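Order of appearance sets the numbers: ligands from 1, and atoms from 1 within every ligand. All values reported here derive from a predicted model rather than from experimental measurement.
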Amino acid sequence: MIKGTIEQIKHIKNKLGDRVIIPAHHYQVPQIVALADFVGDSYKLALECSRTDSEFIIFCGVNFMAEVANILGKPHQKVLIPDISSGCPLADTIDGETVARVYKKISSLCERQVMPVVYINSSAEVKSFCGEKGGSVCTSSNAAKITEHFLDKGKAVFFSPDFNLGINTARKLQISDEKIVNVKRDSKLETTGNIKSGTLFIWDGSCYVHKEFTLADVESLRGKYPDINIIVHPECDEDVVNLADISSSTQKIYDEIKKAPSGSIWGVGTEYHFVERITREFSDRQIMPLRKSICVDMAKISPNRLLDSLVSVSNYLETKGTLKYEIKVPESFKENAALALKKMIQIVED
Ligand code: SF4
């Protein structure tokens, strides 16, 4: 008898025991979240993965997250992603060559030493460049702390790839407009503002999922529910963040709603699968999406793809077949990318 996909996943996972672990990002579809060993945002998953000893990490998220698990992983561990085409269009807005070109241009004109700070939503190659120059990775929960760390030391910061997270961080740190320089995503890498006296240089990448939320979405929910709490992700546009009551990482959005009283009303501006799930999980609160904005790359990880991954691990252990799909960061990027990630953990945990 052919078992259903979910039963087969549970059966193989059970058979493999501690040898395999399945982390899932908050934006995964509900069926995947239900099968995961732990769920979190990029920062939480990076930390959890670095603490596990399982031989196989089947990462249910997008490519850069699986790369982070590989960079921070132990030598005996193998990291798999169920769908190899699950990328991040935001991370793809800047590659290693471009980040180096922009850095060179800014560094040659700015009167301060420039430190790269890269959002975790970036390729291993970009993280590696950042580590090589003494910079740090950041996440949406610690972007302000990491940026401030370097500014306090008298450095300037080149922040990439998400413009909204950069500008919302600048507002939080009360950096004046004349100190902020926007680096355009065109072939000439044009900039706005004065590079010489600039302290925060921001690449203009964006996440299409969070760019979708508008002022009208916020105003419409506020009009219908005067007592509503609006909570949004800092990858949203600045005016949306300004009109919201709270702006925070996905993990903090989850924590905030979890501790909210029964009967409270929430409008949430982040990926729809996450909002849909917490609506069910916290059914005694009234939770609504600002609009249904879906990350199609996250949604590529289906139970069938996860089953393929698990079957490949099982076959690999029995016959040494091929793993589907292993993520291996080139050794040339690993060491410096790890430096940039560990720098973030050190600044945050200090
Ligand atoms: S939600 Fe946005 S930043 Fe996150 S993986 Fe999807 S495209 Fe990338």
| Sidechain N-carboxylate O distance under 4.0 Å for Lys252, Asp41 | no

| field | Side chains of Asn315 and Ser312, donor plus acceptor under 3.5 Å | value | no

| query | Has the side chain of Arg285 got a donor or acceptor atom that lies under 3.5 Å from a matching backbone atom of Lys258? | reply | yes

| field | Sub-2.8 Å protein N, O or S atoms surrounding atom 6 (Fe) of ligand 1 | value | Cys295 SG

| Does Arg171 come within less than 4.0 Å of Asp177, counting only side-chain N to carboxylate O? | yes

| Does Thr93 have any side-chain hydrogen bond (donor to acceptor under 3.5 Å, both in side chains) partners at least two apart in sequence or in another chain, and if so, which? | Trp203

| field | Identified side-chain contact (heavy atoms from CB on, under 4.5 Å) partner of Phe64 from the options Asn121, Asp92, Leu90 | value | Asn121

| Numbering as shown, the atoms of ligand 1 that approach Glu235 to under 4.0 Å (heavy-atom distance) | 3 (S)

